[in-house]
Amino acid sequence: MYKSMCKRETPPLSAPVTANGGRLAGRLLSVLKAVRACGESATLTQVVQLTGLAKTTAHRLLADLQDLDMVSRDGECYRLGNAVHELAASREEQHIKFLRLALKPLLLPLYEKTRYVVGLGVQHGDSVRFIELIYSEQYSPVIGRLEKPTPLCQSAAGKALLAYPPARFAPGRGRQSRLETLAAQSSLGPELARIRTRGIALDERESQPGISAAATPVFGPRGQPLAALSIGAFPEVFDLARGCALLRHSSRHARRILQRTAVAAEYPRAANG
C-alpha cells in the first residue's frame, strides 16, 4: 500500500481486507485520533497513553503515517499532516456550502426586519469567519474587515461559538479541549457563562469596524453549535432588545430547518480544530 507497509507484504488496496489488515487500519486510526485529541501536538508518550499501544508499535505506526504525510514531526512532537488537513478542508467546505444553502433564506427576512449587517459565521481554527453576509450600502466601508477571519474572543459570533464546546466531543478531547483552552486564555469565563444563560453574545466594538453586534449559536440536532447567527449596526441605530429577540427567533427557526434537511445528517461528526 505504501513504502513501509510493502515490506510486510500486505495485500494491495483492491484485495479483500484481511483480519490483520483490519487491525492495522484500526491501529493507524487510533494513533491519528490520539494526535488530534492532544490538540496542537502530541508526544510519543501521550500517543502510547491514549491508545494503549506498546511504545515501539506506536513509534512504528507514527513513522508509517509520516510516510503518508498524515502526520508531521517537529522534534519530539507529532502533528496532523497535510494529507489529513486537505481531507478535512474539502469536507469542511462541502458542509459550509450546505449550511449556506440551508440558512441563507433565513438571513434575508432578518435583514429586511432590521436593515443591519446580518451574517452567518463558522469556526475556522482559532477564528470565526463569515460564510454569508447581507448588508446595505452604508456598511460597505466596514464589510471588508468583517470578511476577514477574526479571533473567536474578539467578536460576538466568535464568543457565541466559544461559549458552547461541541457536545459530540468527550470532555478534555479534541476540539472541545482546544475551545476550553482558548476560553481560559482569554479570561472570558464569566462572559461565556452569561452567554450560555441568555443565549446571546454581545460585542459593542465588533473588533475593528466600530459597530455594535449580537450573535447567537445555531445548534444541530445533536446539540452541537454548527454556526453563529449575527447582526451588527452602527451604535446609534442598534436596537439591542429588538435585535436579540429577532436573533432568538431566527436561531430556533434555523434549528428546525437543519432538522428537516440533509445538513444535519451530513455535517461531520468530527471536525477540524
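Keep in mind that this is a model prediction, so the values were computed, not measured.
Relative orientation of the Phe219 and Tyr164 rings is perpendicular, given thresholds of 30° and 60° on the angle between their planes.
Checking side-chain atoms of Arg100 against main-chain N and O of Ile131 turns up a donor-acceptor pair under 3.5 Å. A distance-only check finds no donor-acceptor pair linking the side chain of Arg129 to the backbone of Lys148 [under 3.5 Å]. In terms of modelled atom types and a separation under 3.5 Å, the side chain of Asp239 and the main chain of Arg242 share a donor-acceptor contact. Ser250 places a side-chain N or O within 3.5 Å of a backbone atom of Leu246 that can act as its donor or acceptor partner. Checking side-chain atoms of Arg73 against main-chain N and O of Gly75 turns up a donor-acceptor pair under 3.5 Å. Although no hydrogens or angles enter the test, the distance criterion places a donor-acceptor pair under 3.5 Å between the side chain of Ser30 and the main chain of Arg27. Side-chain N or O atoms of Ser251 include one that pairs as donor or acceptor with a backbone N or O of Pro217 at under 3.5 Å. Under a 3.5 Å cut-off, the side chain of Thr197 and the backbone N or O of Ala193 do form a donor-acceptor pair. Gln46 places a side-chain N or O within donor-acceptor distance of the main-chain N or O of Thr43, the cut-off being under 3.5 Å.
Thr51 OG1 to Leu32 CG: the interatomic distance, rounded to the nearest 0.5 Å, is 11.5 Å. Put simply, OG on Ser127 and CG on Leu161 are 11.5 Å apart, with the number rounded to the nearest 0.5 Å. Distance OG/Ser155 to CG/Leu202: 12.0 Å, rounded to 0.5 Å. From His253, atom NE2 reaches atom CG of Leu229 across 11.5 Å, with rounding to the nearest 0.5 Å. Put simply, CZ on Arg194 and CD1 on Ile200 are 14.0 Å apart, with the number rounded to the nearest 0.5 Å. For the atom pair SG of Cys153 and CD of Glu191, the computed distance is 9.5 Å after rounding to the nearest 0.5 Å.
Considering only heavy atoms from C-beta on, Leu192 comes within 4.5 Å of Leu162 through its side chain. For the pair His124 and Val128, the minimum side-chain heavy-atom distance is 4.5 Å or more. The shortest side-chain heavy-atom distance between Leu61 and Leu24 falls under the 4.5 Å cut-off. Inter-residue side-chain proximity for Ile231 and Val117 is flagged as unmet; no heavy-atom pair is nearer than 4.5 Å. Within the 4.5 Å cutoff, no side-chain heavy atoms of Phe130 are placed close to those of Pro149. Side chains of Lys159 and Ile195 form a contact here, defined as non-hydrogen atoms less than 4.5 Å apart.
Minimum interatomic distance between Lys55 and Val48 (heavy atoms only, all atoms of both residues): CA-CG2, 3.7 Å. Contact record, Ala227 with Val122: CB-CG1, 4.0 Å, taken as the closest heavy-atom pair. When all heavy atoms of Ala233 and Ile211 are compared, the closest pair comes out as O-CB, 3.3 Å. Between Ile257 and Ala102 the shortest heavy-atom distance is CG2-O, 3.7 Å. The minimum heavy-atom distance linking Ala254 with Leu106 is given by the pair CB-CD2, 3.4 Å. When all heavy atoms of His59 and Leu44 are compared, the closest pair comes out as N-CD1, 3.8 Å.
Leu101 and Leu110 fall into different hydrophobic clusters, where Ile, Leu, Val, Met, Phe, Trp and Tyr residues are linked whenever their side-chain heavy atoms come under 4.5 Å apart, directly or through other members. Hydrophobic cluster membership is shared by Val118 and Leu108, with clusters built from Ile, Leu, Val, Met, Phe, Trp and Tyr side chains linked at under 4.5 angstrom. Linking Ile, Leu, Val, Met, Phe, Trp and Tyr residues whenever their side-chain heavy atoms come within less than 4.5 Å leaves Leu29 and Leu65 in two separate clusters.
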Step-by-step side chain to side chain contact (heavy atoms under 4.5 Å, CB included) determination, Thr216 to Arg248
CA-CA 7 Å; Thr216 188; Arg248 290 189 179 97; 5.5 Å; no
| query | Do Arg115 and Tyr135 pass the side chain to side chain contact (heavy atoms under 4.5 Å, CB included) test, and can you show the C-alpha distance, the side-chain angles, and the key distance before you say yes or no? | reply | CA-CA 7 Å; Arg115 293 293 170 174; Tyr135 54 93; over 6 Å; no
Tell me, with the steps shown, if Leu120 and Leu107 meet side chain to side chain contact (heavy atoms under 4.5 Å, CB included). CA-CA 8 Å; Leu120 184 67; Leu107 303 185; 4.1 Å; yes
inquiry  = Set out, in order, the CA-CA distance, both residues' side-chain angles and the distance that settles side chain to side chain contact (heavy atoms under 4.5 Å, CB included) for Val35 and Leu62, then state yes or no.
reply    = CA-CA 10 Å; Val35 175; Leu62 284 165; 4.2 Å; yes
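Evaluation of the side chain to side chain donor-acceptor pair (under 3.5 Å) rule for Glu137 yields no partner, not counting sequence neighbours.
Between Phe238 and Tyr116, the gap from one ring centroid to the other is short of 6.0 Å. The distance between the ring centers of Tyr139 and Phe234 falls below 6.0 angstrom.
Counted within 6.0 Å of CD on Glu112, heavy atoms from surrounding residues, nucleotides or ligands total more than 12; the atom is thus considered enclosed.
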